[in-house]
Amino acid sequence: MTDASRTDTTSSTGDHRTDDFRTAARATAELVSDYLAELPGRPVWQPMDPAERQSLLELELPEHGADLAELLKVIAERVMPAPMGNGNPRFFGWVNSAPQPAGVLATLAASAMNPSSAGGDHADVHLERAVVRWIAELVGFPHPAGAGLLTSGTSMATIVCLAAARGRAARRIGWDVREQGLSGLPPLVGYVTGETHSCVRKAAELLGLGSRHLRTVATDADGHLDLAALRAAIAEDRAAGRLPFLVVASAGTVGTGAVDPFDPIADLCAEEELWLHVDGAYGAFGALDPVIAHLYAGMDRADSLALDPHKWLGVPVDCGCALVRDPEELRSTFSLVPSYLRDEAAGALGWFSEYGTEQTRPFRSLKVWASIAHRGRAGVAADIARCTELARTLGELVAADPELELVAPVETSIVAFRYRPAGIDEKRLDTVNKELPVAVQLRGRVFVTGALHRGREMLRACLLNAATTEADLRLLLEEVRSAGAELTARRGTE
Ligand SMILES: Cc1ncc(COP(=O)(O)O)c(C=O)c1O
């Protein structure tokens, strides 16, 4: 009997190995299962041993191959002991989630199939159509067939959506950006706030719009886009001969998790004929929680929505998603079908590669399917609701603590706060809060990160893991207070 999983390799240099894929795959499953099971009991994060870091950096290109078992040993002994920490329920940093176990398994199967999900008639392509529709259904966004695709993340989804917005704006004044470029076109102006994620600016720069034509409009005290300021900015730009074309609203800002008021913004965009893009990378899935669902009213009126299954859904990185109201806006922006890619059988929707920038595309949809199907809609919604509940609890603990200060209301699942013991001046407080995240991280018990908010240093804890407990939240605050006291004492003697 032959076993297709055995690979006999004889290299041109004469060395001969017999690899048993099945044995190695079983060992991999054991390794990964142990890793995931042991994670909560380990330090959340530790800096790498300098010698080990250096040896990874200086790894030499091997002349001869190694057995799968040897590779697995390296993975087990030298890679997996040094994780980022985001699988741990006491990881509250940035916006990085623990992987859904079903997504981890699906990743292996997807890479074994290894298709290019550019288009064609194979399971991955049809599955992508289904899961993009699922994502739209989860957040309540309209979804005509073809109106979206999976991307590497929201940064790429934003480029895709803003390119479509740019094309529509130019077309309306008889200009074809694809053929004519931007030179000679009046400046296209987009509107963001100081809370908007930097990927929007990056997209504007890449698309040749120029970051100076991305106007930052004011927010209210809690970080929501100020409608009057937006209206005034649009009027001013029109009067100056510029071409307003885009408003970017946030469904969960990266700093404090604030959700912009979509309905009035959508009204203004309709009145002014502007493209409304929503950045829902982190927070769009909050719409699944009945307690905060009202914050998302009107999100479904956007022209485009970028969001990240690899954030709150826990789909293993990478996986973003671009959803648009009108699929033709994407196709007319990106479709290029050279003769070698002609596919008469592609059907009315054509290929995914006609809707975005990538030609060869990874099989992302299997891990999305597995992650959602494993929990079901109700399970996903319960996980989201659990996180927002944890965030509200953390917000209450912070508010009740005389040494801490809540910096912004808790709207979704980010808690923005400062260490603020009595008797320390603002300048020193700022220095201590800036140094606090790393000081806490180095202790290894919890992981939190920081950011500047309205010119002041703060910590922000992002709750994405439904396995986090209230005890974990208390530990986080204990660690912040304890590391804060150490830093304050050290600073006091400097
Ligand atoms: C609000 C927001 N927008 C956009 C992004 C960028 O998304 P990605 O890292 O998937 O490109 C992030 C990432 O944290 C985010 O939080």
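Counting starts at 1 for both ligands and their atoms, following the listed order.
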Peer 1: Can you sort out which atoms of ligand 1 are near A281, meaning under 4.0 Å from one of its heavy atoms?
Peer 2: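 Numbered from 1, ligand 1 contributes 2 (C), 3 (N), 4 (C), 5 (C), 12 (C), 15 (C).
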
Peer 1: Mind checking whether M458 and E405 have side chains closer than 4.5 Å, heavy atoms only?
Peer 2: no

Peer 1: Tell me which protein heavy atom sits closest to atom 6 (C) of ligand 1, plus the residue, atom name and distance to 0.1 Å.
Peer 2: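 The answer is H197 CE1, 3.5 Å.
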
Peer 1: Tell me: protein heavy atom nearest atom 3 (N) of ligand 1, and distance?
Peer 2: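 Answer, as residue, atom name and distance: D279 OD2, 2.6 Å.
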
Peer 1: Is it the case that the side chain of D430 and the backbone of E457 share a donor-acceptor pair, with hydrogens and angles ignored and the cut-off at 3.5 Å?
Peer 2: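 Present.
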
Peer 1: So which protein heavy atom does atom 10 (O) of ligand 1 come closest to, and at what separation?
Peer 2: D308 OD2, 2.5 Å

Peer 1: Of all the atoms in ligand 1, which lie at a distance below 4.0 Å from a heavy atom belonging to C199?
Peer 2: 4 (C)

Peer 1: From the options D401, L404, V446, select the one residue that forms a side chain to side chain contact (heavy atoms under 4.5 Å, CB included) with V480.
Peer 2: L404

Peer 1: Note the single closest protein heavy atom to atom 16 (O) of ligand 1, along with its residue, its atom name and the distance in Å.
Peer 2: V254 CG2, 3.4 Å

Peer 1: Counting both backbone and side chain atoms, is some N or O of K311 under 3.5 Å from an N or O of ligand 1?
Peer 2: yes

Peer 1: Does at least one non-hydrogen atom of G252 fall below 4.0 angstrom from an atom of ligand 1?
Peer 2: yes

Peer 1: Answer yes if the ring centres of F91 and F447 are under 6.0 angstrom apart, and no otherwise.
Peer 2: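 Aromatic pair counts; centres sit under 6.0 Å.
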
Peer 1: Could you list which atoms of ligand 1 come closer than 4.0 Å to a heavy atom of H310?
Peer 2: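 This gives 10 (O) as the contact atoms.
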
Peer 1: Using only atom types and a distance under 3.5 Å, with no angle test, would you say the side chain of T468 pairs donor to acceptor with the backbone of P89?
Peer 2: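 Yes.
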
Peer 1: Of the protein's non-hydrogen atoms, which lies at the shortest distance from atom 11 (O) of ligand 1, and what is that distance?
Peer 2: S155 OG, 2.6 Å

Peer 1: With S413, which of Y282, F92, F285 fulfils side chain to side chain contact (heavy atoms under 4.5 Å, CB included)?
Peer 2: Y282

Peer 1: Does the pair E426/R418 count as a salt bridge with the N-to-O cut at 4.0 Å?
Peer 2: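 So E426 pairs with R418 through a salt bridge.
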
Peer 1: Has ligand 1 got any nitrogen or oxygen that is less than 3.5 angstrom from a nitrogen or oxygen of T154?
Peer 2: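 In this structure, T154 places an N or O atom under 3.5 Å from an N or O of ligand 1.
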
Peer 1: Using ring centroids (six-membered ring only for Trp), state whether F245 and W275 fall under 6.0 Å.
Peer 2: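 They do not qualify: ring centres at least 6.0 Å apart.
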
